[in-house]
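This report concerns only the one structure given below.
These numbers were taken from a predicted model, which means no experiment stands behind them.
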Amino acid sequence: MPSNDARILLQAAVPTAAVGAIAAVVSGVVAGGEGAVGAVVATLVVILFMGIGLYVLQRTAKTLPHLFQAMGLMLYAAQILLLFMFVAVFKHTSLFHPKAFALTLVATTLAWIGAQTRAHMKSKILYVEPESSKGDKPEKTGHSS
């Protein structure tokens, strides 16, 4: 993974993990151990789903740039549907508190999207690949000969 991609992943995952940690503490206080487990599971699910999505999107941008926008829209729609399916499957589970899970899922998803947007806005990604200096034009150094 190129350094820009890894940096964006890190800048999105760290705030999401922080929001998840806060949610785990609040859920633990409000709903006990099951609430904390639900918040941790939701945080891990969001980081996993969104991280894989970011990786797929970055690969698409490099290999098929003409499909980037359509792939992004399809990917976010698929992620939201997968998250809804995950919530539906574990709706009546006794492994963790479902409300703490669902609320943490929403909060960490919003944190990921906000942090990823901020990371993209702050990153300095080249839109045009610079030409190599091995072309037929001599390199200018600023020194007179």
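At a threshold of 4.5 Å between non-hydrogen side-chain atoms, the residues L95 and V37 do not count as touching. Residues M71 and V56 form a side-chain contact, since some pair of their non-hydrogen atoms from C-beta on lies under 4.5 Å apart. Two residues are said to be in side-chain contact when any heavy atoms from C-beta on lie closer than 4.5 Å; I52 and M50 fail this criterion.
Atoms CG and CZ, from L57 and R59 in turn, are 12.5 Å apart once rounded to the nearest 0.5 Å. One distance of note links CE of M74 with CG of L67; it measures 9.0 Å at 0.5 Å rounding.
Under the 4.5 Å side-chain contact rule for hydrophobic residues, M85 and V41 share a cluster. A continuous path of ILVMFWY side-chain contacts below 4.5 Å connects F96 to L83, so both sit in one hydrophobic cluster. Linking Ile, Leu, Val, Met, Phe, Trp and Tyr whenever their side-chain heavy atoms come within less than 4.5 Å puts F86 and V89 in one cluster. If you chain together hydrophobic residues whose side chains sit under 4.5 Å apart, I8 and M121 never meet in one group.
A pairwise comparison of heavy atoms in L9 and G51 identifies CD1-CA, 3.9 Å as the closest pair.
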Taking only distance into account, with no hydrogens and no angle test, what donor-acceptor pairs under 3.5 Å do side-chain atoms of residues 99-111 form with protein atoms, sequence neighbours excluded?
unit_1, atom_1, unit_2, atom_2, d
T104, OG1, A100, O, 2.7
T108, OG1, T104, O, 2.7
T108, OG1, L105, O, 3.3
T109, OG1, L105, O, 2.7

Side-chain donor-acceptor pairs of residues 112-119 under 3.5 Å, sequence neighbours excluded:
unit_1, atom_1, unit_2, atom_2, d
W112, NE1, Q116, OE1, 2.9
Q116, OE1, Y76, OH, 3.3
Q116, NE2, Y76, OH, 3.3
T117, OG1, I113, O, 2.7

| From CA spacing to verdict: side chain to side chain contact (heavy atoms under 4.5 Å, CB included), L75, Q79 | CA-CA 6 Å; L75 184 66; Q79 286 173 330; 4.3 Å; yes

